[in-house]
Student: 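Shown below is the structure under consideration.
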2 protein chains.
Amino acid sequence: MEFEEAKHKFITTWGSLGSLWGINKAMAQIHALLLISPDPLSMEDIMEELHISRGNTSMNLRQLIDWGIVFKENKIGERKEYFTSEKDVQELARQIAKERSRRELQPTIKVLKEVSSIKTDGSKKSKELITQTKALHDLASNLDTFMNTIVNREQNWMTKTLLKLMK
Amino acid sequence: MEFEEAKHKFITTWGSLGSLWGINKAMAQIHALLLISPDPLSMEDIMEELHISRGNTSMNLRQLIDWGIVFKENKIGERKEYFTSEKDVQELARQIAKERSRRELQPTIKVLKEVSSIKTDGSKKSKELITQTKALHDLASNLDTFMNTIVNREQNWMTKTLLKLMK
DNA sequence: CTAAACTTTCAAAAAAAATTGAAATTTAAT
DNA sequence: ATTAAATTTCAATTTTTTTTGAAAGTTTAG
């Protein structure tokens, strides 16, 4: 496999992985492209490389910036904006963990808390609802705390810990 | 909040969480419903409760069974099939971790391996591609091993470990 | 201030995914 | 072997999501 083919394969794989995770294809592909670009890219560059429209590029770049994994850059003497991605994959993983906790896990935990806190009417059904949502609440809370722990530790802690656990 | 409202809230929350994770709404809602039902439900029960069609119910039940988190049950003297979900949330989490590893992580790791193994033509671009995909490969491999470790440990190991890590 | 370069917005179009429902198939009882 | 109950399949439809592209908006240079 030579360079162009490998690049294409990486971008499309990352793109379809993205859609499996609730991130749209264009967003994932833009991210993949920036991740392997040694230099910052302009909107034009991205549109051309991925064959997507200006509007699409603009919107998805904004989302990537919101996620905290893509950054704007300005070249001196140039009006155009350039974009780079977070290149350190550890930092990337932390950032994604942090955002997913905030956007998904925490709201879910809140609902589980509410639902599991109803008072039972004594029926089998309501007992089961309470038991199960309480168990999910505990699991989700543990996971969330775990993810936040990872996020706030120093660089490399994650890899070291994972490796230790796997022995 | 009383029972019916809580139940509804739980089912719809679980449903939209599902779609955020690449699992369709109906599938996630069926799972939620079974998770809190003290007794097995028939296809009719599910259709009625969630207002979805027979075909939809049938297809999504099959997928849940493929994931290993819903089971068929037969009541003696009855022709109809009944369904239950895995009730132990720890076991549920393991099963989901196992399937996601198999369906998503492992194929991705394979591609990352291929892509990061091309030989460089010496250009900055190809060096960057190799560096970054290799780093992702390592990260994904660690994560995969970690998930498989969890899956193969005894009951409760996961919670204990997570708690220990968070101290 | 004006014009050119560039970016954002958003209604409309296209594409993708989920859902329906009825026909086909399977299953099991008589 | 026939029938009836139940389940599965899948083409057609509906719904949701993504993408486009042109108009509106912004920014900077002269």
Side-chain angles (χ1 to χ4, degrees), chain A residues 11-34 40-67 70-84 103-104, chain B residues 11-34 39-67 70-85 103-104:
Chain A
I11 291 173
T12 51
T13 303
W14 212 240
S16 43
L17 235 215
S19 38
L20 215 54
W21 282 71
I23 285 154
N24 82 40
K25 201 179 62 174
M27 183 171 158
Q29 290 190 348
I30 293 172
H31 177 249
L33 176 62
L34 291 174
L41 300 181
S42 68
M43 250 177 61
E44 299 285 342
D45 295 334
I46 296 168
M47 287 166 58
E48 203 169 301
E49 189 89 52
L50 303 177
H51 304 282
I52 58 179
S53 71
R54 188 173 296 284
N56 201 359
T57 308
S58 168
M59 285 172 125
N60 286 115
L61 275 170
R62 181 142 57 85
Q63 282 212 73
L64 286 165
I65 292 170
D66 282 352
W67 271 78
V70 162
F71 314 106
K72 268 189 196 172
E73 253 182 51
N74 289 299
K75 291 194 180 175
I76 42 169
E78 282 219 54
R79 179 109 132 239
K80 221 183 290 187
E81 292 175 326
Y82 286 81
F83 302 89
T84 32
R103 294 171 195 226
E104 296 162 35
Chain B
I11 291 174
T12 51
T13 303
W14 212 239
S16 43
L17 238 214
S19 38
L20 213 55
W21 282 72
I23 285 155
N24 82 39
K25 201 181 61 173
M27 183 170 157
Q29 289 190 347
I30 293 172
H31 178 248
L33 176 62
L34 291 175
D39 303 305
L41 301 180
S42 68
M43 251 176 63
E44 299 285 341
D45 295 335
I46 296 168
M47 288 165 59
E48 202 170 303
E49 190 89 51
L50 303 176
H51 303 283
I52 58 179
S53 71
R54 187 174 297 283
N56 201 359
T57 308
S58 167
M59 286 173 123
N60 285 114
L61 275 171
R62 181 142 58 87
Q63 283 212 72
L64 286 164
I65 292 170
D66 282 351
W67 271 78
V70 162
F71 315 105
K72 269 190 195 172
E73 253 182 51
N74 289 300
K75 291 195 182 176
I76 41 167
E78 282 219 53
R79 177 108 132 243
K80 223 183 287 184
E81 291 175 328
Y82 286 82
F83 302 89
T84 32
S85 113
R103 294 171 195 227
E104 297 162 35

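Just so we're on the same page: letters track the sequence lines, and every chain starts at 1. Values below: all heavy atoms of this structure, side chains included; hydrogens, waters and symmetry mates excluded.
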Student: Report yes if at least one side-chain N or O of B/Ser53 is closer than 4.0 Å to OP1 or OP2 of C/dT19; otherwise report no.
Tutor: no
Student: Got a donor-acceptor contact below 3.5 angstrom from the B/Asp66 side chain to the B/Gln63 backbone?
Tutor: no
Student: Tell me, please, whether B/Tyr82 has B/Lys75 positioned over its six-membered ring: NZ or CZ under 6.0 Å from the ring centre and within 45 degrees of its axis?
Tutor: yes
Student: Below 3.5 Å, does any donor atom in the side chain of A/Arg79 face an acceptor in the base of D/dA29, or the other way round?
Tutor: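 There is none.
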Student: On DNA chain D, does the nearest nucleotide to A/Gly55 precede the nearest nucleotide to A/Asn24 from the 5' side, or the other way round? Give the residue.
Tutor: A/Asn24
Student: Can you check the A/Ile52 CD1 to C/dA13 P distance for me, whole Å?
Tutor: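 A/Ile52 atom CD1 is separated from C/dA13 atom P by 22 Å.
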Student: What integer distance in Å separates B/Arg54:CZ from D/dA6:P?
Tutor: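 Atom-to-atom, B/Arg54 to D/dA6, this comes out as 9 Å.
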Student: Taking the side chain of A/Lys80 as its heavy atoms from C-beta onward, which of D/dT8, C/dT19, C/dT7 lies nearest to it?
Tutor: C/dT7
Student: Could you check how far CE of B/Met47 sits from P of D/dT7, rounded to whole Å?
Tutor: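 Rounded to whole Å, this separation is 10 Å.
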Student: Output the rounded distance in Å from CG (B/Asn74) to P (D/dT7).
Tutor: 10 Å
Student: D/dT19, D/dT7, C/dT19: which one has an atom nearest the side-chain heavy atoms of B/Ala26?
Tutor: C/dT19
Student: Looking only at side chains, do A/Ser53 and A/Asn56 share a donor and an acceptor under 3.5 Å apart?
Tutor: no
Student: Does B/Arg103 count as lying over the ring of B/Trp67, i.e. NZ or CZ under 6.0 Å from the six-ring centre, within 45 degrees of the axis?
Tutor: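 Cation-pi check for B/Arg103 and B/Trp67: passes.
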Student: Let me know the distance between CZ of B/Arg62 and C1' of D/dA6, rounded to the nearest Å.
Tutor: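 In whole Å, D/dA6 C1' lies 15 Å from B/Arg62 CZ.
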Student: D/dA12 C1' sits how many Å from B/Met59 CE, rounded?
Tutor: 13 Å
Student: Whole-Å distance between C/dA11 C1' and A/Asn56 CG?
Tutor: 15 Å
Student: Return the value, rounded to whole Å, for the distance between atom CD1 of B/Ile30 and atom C1' of D/dT7.
Tutor: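 Going from CD1 in B/Ile30 over to C1' in D/dT7 covers 14 Å.
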